[in-house]
Amino acid sequence: MITPLLGAWPQRPGSATFPFFGVQVVIVDEKSKEIVGECSRYLCVRKSWPGAFRTLYGDHERYETTYFSALPGYYFSGDGCSRV
């Protein structure tokens with residue numbers, strides 16, 4: 001979902017750079033409030049994107065619990081991130 005495109009923009013070792021086309025990522029705090037500017041918190045996706053999966057086969061409740069209940073209103077990737 002977040003990947004460097006070789007030659008498209010400057011890259012830095014260890015940095016994932018920008019989100020892929022169609023993916024709207026945000027950084028949110030523990031209360032699901034979006035943070036702007038320099039910060040370090042939770043990486044989330046604002047809305048569905050091309051290629052997003054819709055459920056876990058045979059266990060939709062687990063899908064909802066795992067990816068949408070931790071930070072309500074966002075898809076939680078399970079990753080932290082820093083914006084500098």
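Computed from a predicted structure; not experimentally measured.
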Point to revise | Gly37 backbone acceptor or donor facing Arg83 side chain under 3.5 Å | key: yes
Review point. Would you find more than 12 non-hydrogen atoms of other residues, nucleotides or ligands less than 6.0 Å from Glu61 atom CD?
Key: no
**Study point:** Min side-chain heavy-atom separation Lys33-Ile35 under 4.5 Å
**Key:** no
Point to revise | Heavy-atom closest contact (Ser69 atom, Thr65 atom, distance) | key: OG-O, 2.6 Å
Review point. Looking only at heavy atoms, what is the nearest atom pair of Phe76 and Leu71, with distance?
Key: CD1-CD1, 3.7 Å
Exercise for review: Decide yes or no for Gln11 and Thr17: does some side-chain heavy atom of the first lie under 4.5 Å from some side-chain heavy atom of the second?
Suggested key: yes
Practice item. List the steps, then state whether side-chain contact (heavy atoms from CB on, under 4.5 Å) holds for Ser77 with Val45. Key: CA-CA 7 Å; Ser77 67; Val45 180; 5.6 Å; no
Exercise for review: Please step through side-chain contact (heavy atoms from CB on, under 4.5 Å) for the pair Cys44 and Tyr75, ending with a clear verdict.
Suggested key: CA-CA 5 Å; Cys44 292; Tyr75 169 87; over 6 Å; no
Point to revise | Heavy-atom pair with the smallest gap, counting every atom of Val28 and Arg41 | key: O-CB, 3.1 Å
Review point. Are Tyr42 and Phe18 co-members of a hydrophobic cluster defined by side-chain heavy atoms under 4.5 Å apart?
Key: no
Point to revise | Any donor-acceptor pair under 3.5 Å from Thr55 side chain to Tyr57 backbone | key: no
**Study point:** Residue pair Arg54 / Tyr63: nearest heavy atoms and the distance that separates them
**Key:** O-CE2, 3.0 Å
Practice item. Could you label the plane-to-plane angle of the Phe53 and Tyr67 rings as parallel, tilted or perpendicular, counting under 30° as parallel and over 60° as perpendicular? Key: perpendicular
Exercise for review: Please report the closest heavy-atom contact between Tyr74 and Arg46, naming both atoms and the distance.
Suggested key: CD2-CA, 4.0 Å
Practice item. Work out which heavy atom in Ser82 is nearest to a heavy atom in Ser40; give both atom names and the distance. Key: OG-OG, 2.7 Å
Practice item. Tell me who clusters with Val84, hydrophobic residues only, linked when side chains sit under 4.5 Å apart either directly or through other members. Key: none
Check your understanding: Do you reckon Trp49 sits in the same ILVMFWY cluster as Leu43, going by side-chain contacts under 4.5 Å, direct or chained?
Key -> yes
